[in-house]
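Worksheet: one structure, shown below.
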Amino acid sequence: MKVATWNINGVRARIDNLVHWLNDSAPDIACLQEIKTVDEGFPRAEIEALGYNVETHGQKGFNGVAILSKLPFDEVNRGLPGDDTDEQARFIEGVFSTARGALRVVSLYLPNGNPIDDERKYPYKLGWMARLESWAKERLALEEPLVLAGDYNVIPEPIDAKNPSAWVNDALFQPATRQALRRIEALGFTDALRATTEDSDVYTFWDYQGGAWQKNNGIRIDHLMLSPEAANLLQSASVEKHVRAWEKPSDHVPVVIQLETEATEAAAA
DNA sequence: ATGGTTGGTAGCCAA
């Protein structure tokens, strides 16, 4: 079972890349962020033609998340609980049935939070992370495989940036931001990519500006966080870096994991 | 050195 996350920075501007990538990489479940369209504007037909079920949580112009899945959805939940006044579309959860039982997958787009001195921005980010922590804690009690995939807008450690010093005043690398992510991990989540490599220079985002891609001036901010039950199934994790070199690329690239979801021999016998 | 690039939208904002 291949599960992917990709901030595509506008699904309508990226539809050719998205179709190419789905054919090429063939994820079973793909979590998308920044679709930047209302649900009605999502290019549903093109994706369904490739054999995917499509569930979206869209918004006009900004944000917006989706899950594409070759498996049927048993359940879909939209929006991160904890604040009824929050109208930003940043969270969608799908539940699937595998040979080993239920699998929960979330596509999340965590607030950017910049600039940090704007009271509408950075506090919203930290509040959203606190709500995510509460939600994740509840879900862990189910003791099911759960994948929290998405654009976290968090650089976890200095190793996750080419030039860490350039980010010290940025919301993505603030001590409080990193601490909030560590609190979520401390609940029992595994950072799938970091669990499979200690390498530096593993990035998922390169800014469009300043020749960042050509200089490999990247950061690692797209993550798949695994519940203990999901971590037990983890076989591999990787960054599909080549996608950044495509024509008209997103500034983010897909991150993919392989989970062992086939029936065990004992269960099959 | 506070630079410059893209998407969505509409006469700038978010990233």
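Lettering follows sequence order; numbering is per chain, from 1.
- Spacing of P atoms, B:dG7 relative to B:dT2, comes out at 26 Å, to the nearest Å.
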Response to the item:
Letter by letter from the 5' end, nucleotides 8-13 of chain B scores (B base, S sugar-phosphate only, - none; protein heavy atoms under 4.0 Å) SSS---

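- Note: OH (A:Tyr208) to P (B:dT6) measures 7 Å, nearest angstrom.
- With sequence neighbours left out, A:Phe96 forms a ring pair (Phe, Tyr, Trp, His ring centres under 6.0 Å) with A:Phe73.
- With a 4.5 Å cut-off on side-chain heavy atoms, A:Val253 and A:Val239 count as touching.
- Here B:dA14 presents its P atom at 9 Å from CD of A:Gln88, a figure rounded to the nearest Å.
- DNA chain B is contacted by both A:Glu34 and A:Gly210; A:Gly210 maps to the nucleotide lying nearer its 5′ end (nearest heavy atom per residue).
- If you check every strand for non-hydrogen atoms under 4.0 Å, A:Phe205 touches nothing.
- Whole-Å rounding puts the A:Ile221 CD1 to B:dA14 C1' distance at 14 Å.
- Among pairs with a residue in residues 236-255 of chain A, those fulfilling salt bridge (Lys or Arg N to Asp or Glu O under 4.0 Å) read A:Lys2-A:Glu240, at least two apart in sequence or across chains.
- Residues satisfying the ring pair (Phe, Tyr, Trp, His ring centres under 6.0 Å) criterion with A:Phe173, sequence neighbours excluded, are absent altogether.
- Listed by chain and residue number, nothing satisfies the ring pair (Phe, Tyr, Trp, His ring centres under 6.0 Å) test with A:Trp167 (two or more places apart in sequence, or in another chain).
- Applying the salt bridge (Lys or Arg N to Asp or Glu O under 4.0 Å) test to every pair with at least one member in residues 63-79 of chain A, sequence neighbours left out, gives these pairs: A:Glu55-A:Arg78.
- A:Asn63 pairs by the side-chain contact (heavy atoms from CB on, under 4.5 Å) definition with A:Gln59, A:Gln88, A:Arg90, A:Tyr109, not counting sequence neighbours.
- By the ring pair (Phe, Tyr, Trp, His ring centres under 6.0 Å) test, A:Phe91 is found to be paired with A:Trp135, residues two or more places apart in sequence or in another chain being considered.
- Proximity of residues 157-181 of chain A to DNA chain B (heavy atom under 4.0 angstrom from any strand atom) is not detected for any residue.
- For the pair A:Ile155 CD1 and B:dA15 C1', the computed distance is 13 Å after rounding to whole Å.
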